[in-house]
Amino acid sequence: MLKNCFILGVFAIMPFMLAGQTVGLVLSGGGSKGLAHIGVIKALEESGIPIDYIGGTSMGAIVGACYAMGMTTDEIIEIVRSEDFNYWISGTLEEEYKYYFKAEDPGPDIFNVGLDMKDTVPKTRIPLSVIPNYLMDFAFMEIYSRASAAAAYDFDKLFIPFLCNGADISNSKEVLFRNGDLAQAVRASMTVPLYFRPIVMDGNIMYDGGIYNNFPVQHVIDEFNPDVIIGSKAAQGNMPPDEFDILAQIENLVMKPSNYQIDSTRGILLDMNFKKQSLLAFDKLDEFVEVGYNITMEKIDSIRMLVGERTEDTTDLRKRREAFVNSIPELRFNEVEIEGLNGSQRDYVERSLFFSDSISDVKEMKTEYLKLVHDKSLFYLYPRAVYKPEDSLFKMKLRVIPQTPLEGRFGLFFSTTGLAQTYLGFSYRQLSEVSTHLKGSIQFGRFYNGVNLGFRFDYPARTPLFFKGNFNYNGFQYNSYNTNFFFEDLQPSYITEDEINFRFDVGMPHRINGVLKAGVGIGRNKEIYYMTKNFSSIDTSEVSNVNKISLYVASERNTLNNKQFATEGMQRIHSLRVGYGAEYYYPGSTARVENNERNNYYWLSARFENHGYIRMKSSFSLGYYARAQATFKPLLSNYYSTVIEAPVFQPNMITKGLFMEHYRAHQFIALGLMPVYSITKQVHVKFEVYTYFPVQEILRDLNDEAYLGNYFKSMNTMFHSSINFVTVAGPVSFHLGYITREENPWVFQLSFGYLLFNKKSSDE
């Protein structure tokens, strides 16, 4: 009798027990596949299933934290779909934030390594991530820091109580985040090794939580003790790594298998069961969200049976969300605190930051933060926003690691046309109240030999300045070689150009993308050449020694995304130069007139160049090129000495190794169109068409002397097509071109690396 009464009592109170069921949602890691969690949450909301607690790992932490801080699923989708999100995960910087003032002269290096000399045995410092993280770090701070402040840094006080986990590799253990800085916690939880740089929390190095536990269901049970568990598993279906995909191999190597089991009497597992998807396939957002939504809706009846009669009222949910969101403070800063530097170094960073007012909004702070990112004397920056309730404002805490003093650089270029260059360089940096950079390099090959020694001093202020000086040696050996594929002519050089120059430049920023600069160049150019290409071994060469000094002012703007294989951005150069020169000519055996000559002259030069790329579609850009060159100087002692000293039009890499005497003139106009089709972020196809109009062509008379042709009498054209594969290991490109009026107009070239040289005394 007593037993029957007990059973009847249990059935009587069961509706009340079910009505009070609490629900914990657990979101696994899984890279881009974790976007399916958005669909899961969307389906649960639409079906009135309450979500009382959330726990997540990696991508599950990102999605879960966004929802826990009051974002709707539509708002999360909007963030992932935005162009900003693509910038964050690729490390691509928007043009408006490219601080060109801190850019250094581009070189042909493809690999840099820092040397830390603090210990007895020097240690190398190499980048710890393939993807630059500064944009993502700032974005996490911007998205999550305000919610941390509203919750008083207690994740239980968020719109929905939340937890996530990370891997503390300093102590080889899993860590659980229940309070503190939400941006830091999520950033630690999603830091896949080699994809993203780790962060340091309390002196410990943090990586992706999936290394130890990719499904924190037990943590949700232990910390929140919900009545019902709903698990969303998006961790299956990784694309099997091939032998060349080191990142995918690392992912499979470090991610420890996790237990995805949930007691069926207490919860349900929603298994996305993906088939071979890339970890970075964020372009499949809609597909992944739909998968999560559909799988959840298929099991919604089973979920309702577990949850019981309790439902989430849409109106009440919206009111609670609005109440929490309205409590989130605006992200405004009135203080910056620098960590990780000594006193003089902190002074340099603080003086580098400029704010128009005592209180800065997030956009102004982002601009100043990204200026520091461009500073080569700083190796690493990590931003945190710390709320100050006394004035309802934030303090920016910026952890900064200076660059290692010594850095080695290496570059290599080789091609099927015989051009081959090796580049070795070093730099030494010292950071105090002023940033000091000393550098040196040597480049050698069959076509070009170069030496550079230089310095640069950066003075931070409201209007920052740089002062830099360089000694350069440039040696070019122009051969009349065959530019056809896999062939080269081993005939000795018919033109050799050896130049030594000293340059001194001073510059200041012009807005964000530009720089105003001025300087002086002093050079001595020794030109060795023959008046004919059919010279013999007993012939002696002509020699022209040209000494010159010049002063210049210039304005330059540059947002190009690559130093030699750009597909986005623009570059504009406006310059004016005045100079004095003296030529000393010594004839050789191929000269028709054997008179030593000396010519003293003044010259004036103006250059207006503008080229860039207009985005037409996501994968197609239309490039444009325009240059007007106006140089006013007398003709020199003979034809070759005149054209060697004349400005040359060499718009791309394929023309850098050619002398191109028909594309040299004192004044010319050049126009071009460059359609670019991007197959992937690394591979693009480029077509180039240029027209070249010399105002007066430099011509050659019967005595090998130079004279000027009629105005606008000729027009030259170039056609190029190329396939370029630009990787972190260096660019690989195949070129097919046709250059009118060249002795060998067709150009076929397969190459690896960058072909860049030291500046001449007359270069801006």
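All residue numbers refer to positions in the sequence shown, counting from 1.
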Legend entry - side-chain contact (heavy atoms from CB on, under 4.5 Å) assessment of Tyr134 paired with Tyr380: CA-CA 8 Å; Tyr134 43 80; Tyr380 174 70; over 6 Å; no
Legend entry - Derivation and outcome, side-chain contact (heavy atoms from CB on, under 4.5 Å), residues Leu393 and Ile359: CA-CA 9 Å; Leu393 295 171; Ile359 298 178; 4.0 Å; yes
Inset, instruction - Start with the C-alpha distance between Phe215 and Val26, add both sets of side-chain angles, then the distance that settles side-chain contact (heavy atoms from CB on, under 4.5 Å), and finish with yes or no. - result: CA-CA 7 Å; Phe215 192 62; Val26 185; 3.6 Å; yes
Legend entry - side-chain contact (heavy atoms from CB on, under 4.5 Å) between Asp227 and Val23, worked out: CA-CA 6 Å; Asp227 299 304; Val23 179; over 6 Å; no
Inset, instruction - For the pair Phe466 and Tyr459, evaluate ring pair (Phe, Tyr, Trp, His ring centres under 6.0 Å) and give the outcome as yes or no after the intermediate values. - result: CA-CA 6 Å; Phe466 72 68; Tyr459 291 83; over 10 Å; no
Legend entry - Verdict with supporting geometry, Phe177 and Phe155, ring pair (Phe, Tyr, Trp, His ring centres under 6.0 Å): CA-CA 8 Å; Phe177 300 112; Phe155 297 174; 7.8 Å; no
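Residues Ile49 and Ile300 are in side-chain contact: their nearest non-hydrogen atoms beyond the backbone lie under 4.5 Å apart. In this structure the side chain of Lys98 reaches within 4.5 angstrom of the side chain of Asn561, judged on heavy atoms. Residues Arg511 and Tyr99 fail the side-chain proximity criterion, which asks for heavy atoms closer than 4.5 Å. Considering only heavy atoms from C-beta on, Tyr348 comes within 4.5 Å of Ser377 through its side chain. In this structure, the side chains of Glu142 and Met365 stay at 4.5 Å or more apart for every pair of heavy atoms. Counting heavy atoms from C-beta on, the side chains of Ile160 and Tyr67 come closer than 4.5 Å. Annotation: side chain of Leu370 is in contact with side chain of Leu93 (closest heavy-atom distance under 4.5 Å). No side-chain heavy atom of Arg384 sits less than 4.5 Å from a side-chain heavy atom of Arg187.
The minimum heavy-atom distance between Pro216 and Gly55, with the atom names listed, is CG-C, 4.2 Å. Minimum interatomic distance between Phe394 and Arg146 (heavy atoms only, all atoms of both residues): CZ-CA, 4.1 Å. Leu516 and His510 make their closest contact through CG-CB, 3.8 Å (heavy atoms, listed as atom of the first residue, atom of the second, distance). In plain terms, the two heavy atoms of Cys66 and Tyr144 that are nearest each other are SG-OH, 3.3 Å. Scanning both residues, Phe379 and Pro402, for their nearest heavy atoms gives CB-O, 3.6 Å. Nearest heavy atoms, Pro226 versus Val220: CD-O, 3.5 Å.
Between Glu433 and Arg351 there is no salt bridge, since none of the side-chain N atoms of the basic residue sits less than 4.0 Å from a carboxylate O of the acidic one. With respect to Glu94 and Lys366, a salt bridge is recorded, a charged nitrogen being found less than 4.0 Å from a carboxylate O. Salt bridge status for Asp316 with Lys319: absent, with no side-chain N to carboxylate O gap under 4.0 Å. Taking a cutoff of 4.0 Å between a charged side-chain nitrogen and a carboxylate oxygen, Arg332 and Asp361 do not qualify as a salt bridge. Of the charged side-chain nitrogens involved, none lies within less than 4.0 Å of a carboxylate oxygen, so that Arg399 and Glu339 do not count as a salt-bridged pair. Between Arg456 and Asp458 there is a salt bridge, with a side-chain nitrogen of the basic residue lying less than 4.0 Å from a carboxylate oxygen of the acidic one. Taking 4.0 Å as the cut-off between side-chain N and carboxylate O, Asp286 and Arg81 count as a salt-bridged pair. Salt-bridge check for Glu104 with Arg429: passed, with a basic side-chain N closer than 4.0 Å to an acidic carboxylate O. For Glu312 and Arg318, the salt-bridge test fails: no basic side-chain N is under 4.0 Å from an acidic carboxylate O.
Side chains of Asn204 and Asn171: a donor on one and an acceptor on the other come within 3.5 Å. With 3.5 Å as the limit, one finds no donor-acceptor pair spanning the side chains of Asp375 and Ser435. Under the 3.5 Å distance criterion, with hydrogens and angles disregarded, a donor-acceptor pair is assigned to the side chains of Glu556 and Tyr100. A donor and an acceptor atom, one from each side chain of Arg572 and Asn610, are nowhere located under 3.5 Å apart. A donor-acceptor contact closer than 3.5 angstrom links the side chains of Lys388 and Asn334.
Rounding to the nearest 0.5 Å places CG of Leu285 at 11.5 Å from CD1 of Ile79. Here the CG atom belonging to Leu270 is positioned 12.0 Å from the CG atom belonging to Asn294, to the nearest 0.5 angstrom. Remark: Ile38 CD1 to Ile76 CD1 distance equals 5.5 Å, nearest 0.5 Å. In this structure, the separation between CD1 on Ile199 and CG on Asp137 is 7.5 Å, given to the nearest 0.5 Å. One finds the CG atom of Leu398 at 12.5 Å from the CZ atom of Arg346 (value rounded to the nearest 0.5 Å). One distance of note links CG of Leu44 with CD1 of Ile230; it measures 5.0 Å at 0.5 Å rounding.
Remark: Lys376 NZ is packed, more than 12 non-hydrogen atoms of other residues, nucleotides or ligands lying under 6.0 Å away. When the shell of 6.0 Å around CD of Glu75 is examined, it contains more than 12 heavy atoms from other residues, nucleotides or ligands.
The closest donor-acceptor contact from the side chain of Glu368 to the backbone of Phe354 lies under 3.5 Å. Between the side chain of Ser678 and the main chain of Lys681, no donor-acceptor pair closer than 3.5 Å is present. Using modelled atom types, no side-chain atom of Tyr153 and backbone atom of Leu182 make a donor-acceptor pair closer than 3.5 Å. A distance-only check finds a donor-acceptor pair linking the side chain of Asn342 to the backbone of Gln345 [under 3.5 Å]. In terms of modelled atom types and a separation under 3.5 Å, the side chain of Lys102 and the main chain of His374 share no donor-acceptor contact. Ser189 contributes no side-chain N or O that, together with a main-chain N or O of Ala185, makes up a donor-acceptor pair within less than 3.5 Å. Side chain of Asp168 to backbone of Val175: no donor-acceptor contact under 3.5 angstrom is found. A donor-acceptor pair under 3.5 Å is absent between the side-chain atoms of His37 and the main chain of Lys233, judged by distance alone. Between the side chain of Ser327 and the backbone N or O of Ala150, no donor-acceptor pair lies under 3.5 Å.
Of the options Asn213, Asn214, Asp208, Asn165, a side-chain hydrogen bond (donor to acceptor under 3.5 Å, both in side chains) to Thr57 is made by Asn165 and by none of the others.
Within the structure, salt bridge (Lys or Arg N to Asp or Glu O under 4.0 Å) contacts touching residues 44-57 (residues at least two apart or in different chains) are Lys42-Glu46, Glu45-Arg321, Asp52-Arg310.
Residues that satisfy the side chain to side chain contact (heavy atoms under 4.5 Å, CB included) test with Thr367, not counting sequence neighbours, are Tyr97, Lys371, Ile512.
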